[in-house]
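One structure follows; several queries about it will come next.
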2 protein chains.
Amino acid sequence: MKIGYDMNAELDREKKPLSDGQILREITDAIIEGRLSPGDKLGQDELGKVFGVSKTRIRPILHRLNEQKIVVIEPMRGAFVARPSVEEARAVNAARQIIEEGVIRAATRVARVKDLKALREIVAEEHNARLTRNGGQAHRLTGEFHCELARITGNEVVADVVRDLVSRDNLVVALYQRPNAAACSLDGHAALIDRIAEGNEDAAAHAMRHHLQDVMDSLNLGPKTGPSKSLATAFAHLRQD
Amino acid sequence: MKIGYDMNAELDREKKPLSDGQILREITDAIIEGRLSPGDKLGQDELGKVFGVSKTRIRPILHRLNEQKIVVIEPMRGAFVARPSVEEARAVNAARQIIEEGVIRAATRVARVKDLKALREIVAEEHNARLTRNGGQAHRLTGEFHCELARITGNEVVADVVRDLVSRDNLVVALYQRPNAAACSLDGHAALIDRIAEGNEDAAAHAMRHHLQDVMDSLNLGPKTGPSKSLATAFAHLRQD
DNA sequence: GCAACAGAAATCGGATACGATTTAAAGAAT
DNA sequence: ATTCTTTAAATCGTATCCGATTTCTGTTGC
């Protein structure tokens with residue numbers, strides 16, 4: 001399809017110069033929510049058309065996603081939605097077991113009552129989301145629990161690292177979808193809070209490792225290839241006709 | 001700060017299209033080795049001239065450094081060498097204490113004889129570098145020890161996280177380094193190896209926390225402002241006349 | 001009929017060009 | 001003389017353009 005300058009006439013009607021962060025979020029959401037499947041091509045020009053910007057702004061965004069391991073870039077070929085291997089999925093989970101052990105140990109040492117309260121609040125929200133069949137929200141809150149745990153350490157750097165890992169793990173979980181299994185995370189989180197409340201550092205660390213391992217075991221690590229969808233349909237909600 | 005005027009004359013004669021990774025390495029090295037001081041401006045055009053490329057390739061590199069917190073980017077103003085505050089320095093060190101505790105615990109569980117050998121090898125190199133008054137090399141190896149420790153876990157993701165943290169900490173140390181103090185890291189590393197060899201996970205974790213704390217305490221956290229140098233002199237070794 | 005090859009179309013990576021914004025400097029007024 | 005205003009210079013962010021590489025397609029040969 002040939003594009004001309006007359007198209008801008010329609011676009012400026014609803015001024016939409018999306019920021020880089022918004023475009024990034026749109027793409028990541030599209031991937032995590034399954035509107036884009038692993039292996040799908042992310043053409044620079046095509047994405048530029050979708051978001052109404054030039055590929056000049058698309059390219060660095062794709063590189064950022066590449067650093068987050070959400071997309072892969074093959075030189076002179078283009079960008080594609082990452083197809084995380086089973087080994088990679090295991091590696092991310094193992095990394096979380098290693099790093100979040102240190103995190104929960106530190107959190108256990110410094111946790112105050114209000115911190116436990118915040119954690120319990122998140123678990124309660126998780127419970128509600130689960131009851132209302134709000135899978136997406138529940139999924140998000142599951143990650144939020146671990147981020148909040150990192151926040152308890154009072155260390156912004158640690159929180160950032162954990163957030164990145166959780167985000168990456170979210171992608172893995174979304175791709176290796178689990179039909180129903182997710183309740184285990186609720187019990188796991190409650191157990192973690194109890195161990196922290198007890199001030200038992202070793203027990204908390206042990207519980208964390210097992211909790212993450214449970215999440216890993218609940219995944220379906222068989223070969224999974226979803227159908228490829230077009231970029232236009234994946235971002236259909238952005239269109240204005 | 002004035003720049004050199006004579007540097008761009010003979011650059012077009014050379015045939016050296018450096019890769020993005022090489023340019024990235026050059027800039028980070030220049031910052032960590034002190035050839036560029038915190039607050040120095042990193043002009044896109046100027047850097048492009050230095051490396052013989054267009055600013056198109058410089059910009060994403062600066063953004064990557066920005067994500068690593070080595071440079072800061074102020075919108076519509078430009079990129080500058082990061083000037084980490086004392087709080088930020090403490091935060092990075094604290095993050096390492098938290099995360100590397102998990103790392104050394106995992107490493108202690110799985111370490112084999114060859115792994116210990118590799119660690120001792122690095123310590124030996126550190127010792128040599130210290131003897132030959134090779135401060136830069138010693139400094140680099142100090143970080144390499146921790147990266148190797150992360151590598152023992154067999155987890156690439158963990159290794160990447162640790163590498164980022166070490167790189168960031170290297171910048172802090174380079175900025176707040178006291179003239180002489182650095183020998184403590186040698187003894188600290190040796191002690192860490194001993195604890196790992198003993199298989200004593202708790203002792204290893206304890207030693208790691210104290211080792212990192214020692215490094216922190218050895219810094220001079222008073223206000224420190226180094227002299228600004230020009231980009232031309234900072235990358236003078238790249239010139240070929 | 002199928003495989004191999006050649007040319008065309010498409011797309012990526014990079015350089016140049018241009019408007020927008022900030023910074024620096026020069027000039028006028030009190 | 002100092003300060004405020006205005007104007008010029010520099011630099012950033014983005015769009016457009018161009019060569020290089022890949023992929024697709026149509027043809028040829030066996």
Side-chain angles (χ1 to χ4, degrees), chain A residues 1-12 15-24 26-27 36 39-67 71-82 228 230-232 234, chain B residues 1-5 7-8 11-24 26-27 36 39-67 71-82 228 230-232:
Chain A
M1 170 179 70
K2 213 74 162 125
I3 191 160
Y5 283 76
D6 44 9
M7 184 175 182
N8 291 352
E10 302 198 22
L11 281 181
D12 58 5
K15 266 295 188 181
K16 287 213 313 177
L18 292 87
S19 73
D20 290 4
Q22 286 173 317
I23 296 177
L24 191 89
E26 285 290 342
I27 297 177
L36 289 171
D40 280 1
K41 168 144 200 187
L42 299 173
Q44 299 179 354
D45 289 321
E46 201 172 353
L47 281 173
K49 295 272 181 61
V50 169
F51 292 106
V53 299
S54 159
K55 65 178 181 179
T56 308
R57 290 182 57 193
I58 297 294
R59 243 168 50 79
I61 292 173
L62 290 176
H63 275 85
R64 284 180 61 177
L65 291 169
N66 177 52
E67 288 167 21
V71 312
V72 292
I73 293 181
E74 302 184 24
M76 282 296 168
R77 286 194 16 106
F80 306 85
V81 178
S228 296
S230 78
L231 294 185
Chain B
M1 175 179 71
K2 301 301 179 198
I3 66 170
Y5 310 94
M7 62 184 184
N8 51 4
L11 280 180
D12 53 3
R13 187 163 48 79
E14 59 176 297
K15 297 287 188 294
K16 281 216 311 181
L18 292 88
S19 74
D20 289 4
Q22 287 173 316
I23 295 177
L24 191 89
E26 285 291 341
I27 297 177
L36 289 172
D40 280 1
K41 169 145 200 188
L42 299 173
Q44 299 179 353
D45 290 317
E46 201 172 354
L47 282 173
K49 294 273 180 60
V50 169
F51 292 107
V53 300
S54 156
K55 66 178 181 179
T56 308
R57 290 183 56 194
I58 297 294
R59 247 172 55 77
I61 292 173
L62 289 176
H63 275 85
R64 285 181 61 177
L65 291 170
N66 177 52
E67 288 168 20
V71 312
V72 292
I73 293 181
E74 302 183 24
M76 282 295 168
R77 286 194 17 112
F80 306 84
V81 178
S228 297
S230 79
L231 295 184

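A note on names: the letters A, B, ... follow the listed sequences, proteins ahead of strands, and every chain is numbered from 1.
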Candidates C:dT16, C:dG13, C:dT11 - which lies nearest the side chain of B:S54: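 Within the option list, the nearest is C:dT16.
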Any donor-acceptor N/O pair under 3.5 Å between C:dG14 base and B:K55 side chain: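 Under the 3.5 Å cut-off, the side chain and the base do not form any donor-acceptor pair.
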Backbone N/O of A:G43 and side chain of A:K55: donor-acceptor pair under 3.5 Å: no
Value in whole Å for how far the P atom of C:dG14 lies from CZ of A:R59: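 In whole Å, C:dG14 P and A:R59 CZ are 6 Å from each other.
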A:F80 CZ to C:dC12 C1', straight-line distance once rounded to whole Å: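 Taking CZ of A:F80 and C1' of C:dC12, I get 11 Å after rounding.
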Nucleotide D:dG13, atom C1' - distance to CG of B:N66 in whole Å: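 Distance, rounded to whole Å: 15 Å.
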Closest to side chain of B:D45, choosing from C:dT11, D:dC12, D:dT14: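 Taking heavy atoms from C-beta onward, the closest nucleotide is D:dC12.
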Gap between atoms CG and P, on A:L62 and C:dC12 respectively (whole Å):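 Atom CG in A:L62 sits about 9 Å away from atom P in C:dC12.
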Min side-chain heavy-atom separation B:N66-B:L62 under 4.5 Å: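 The answer is no, as the side chains (C-beta and beyond) never meet within the 4.5 Å cut-off.
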Whole-Å gap separating P (D:dG13) and CD1 (B:I58): 13 Å
Whichever of B:I73 and A:P75 has its nearest DNA chain D nucleotide further upstream toward 5': B:I73
Sidechain N-carboxylate O distance under 4.0 Å for A:E46, A:K41: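 Judged by the 4.0 Å cut-off on N to carboxylate O distance, A:E46 and A:K41 do not form a salt bridge.
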Spacing between A:K49 atom NZ and C:dT11 atom C1', to the nearest angstrom: 12 Å
Residue B:M76, side-chain atoms from C-beta onward, closest of C:dT21, C:dG13, C:dA15: C:dT21
B:R59: salt bridge (Lys or Arg N to Asp or Glu O under 4.0 Å) partners, not counting sequence neighbours: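 Result, salt bridge (Lys or Arg N to Asp or Glu O under 4.0 Å) vs B:R59: none returned.
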Side-chain N or O of A:Q44 closer than 4.0 Å to phosphate OP1/OP2 of C:dT11: no
Selected nucleotide, minimal atom distance to A:T56 side chain, candidates D:dA15, D:dC12, C:dT22: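 Taking heavy atoms from C-beta onward, the closest nucleotide is D:dA15.
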Whole-Å distance separating the CZ atom of B:F51 from the C1' atom of C:dA15: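 In whole Å, C:dA15 C1' and B:F51 CZ are 18 Å from each other.
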Closest listed nucleotide, where the reference is the side chain of A:K41 and the choices are C:dC12, C:dT22, D:dG13: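 It is C:dC12.
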Rounded distance (Å) that lies between atom P of D:dA10 and atom CZ of B:R77: 17 Å
A:L47/A:I61 under side-chain contact (heavy atoms from CB on, under 4.5 Å): CA gap, chis, key distance, verdict: CA-CA 11 Å; A:L47 281 173; A:I61 292 173; over 6 Å; no
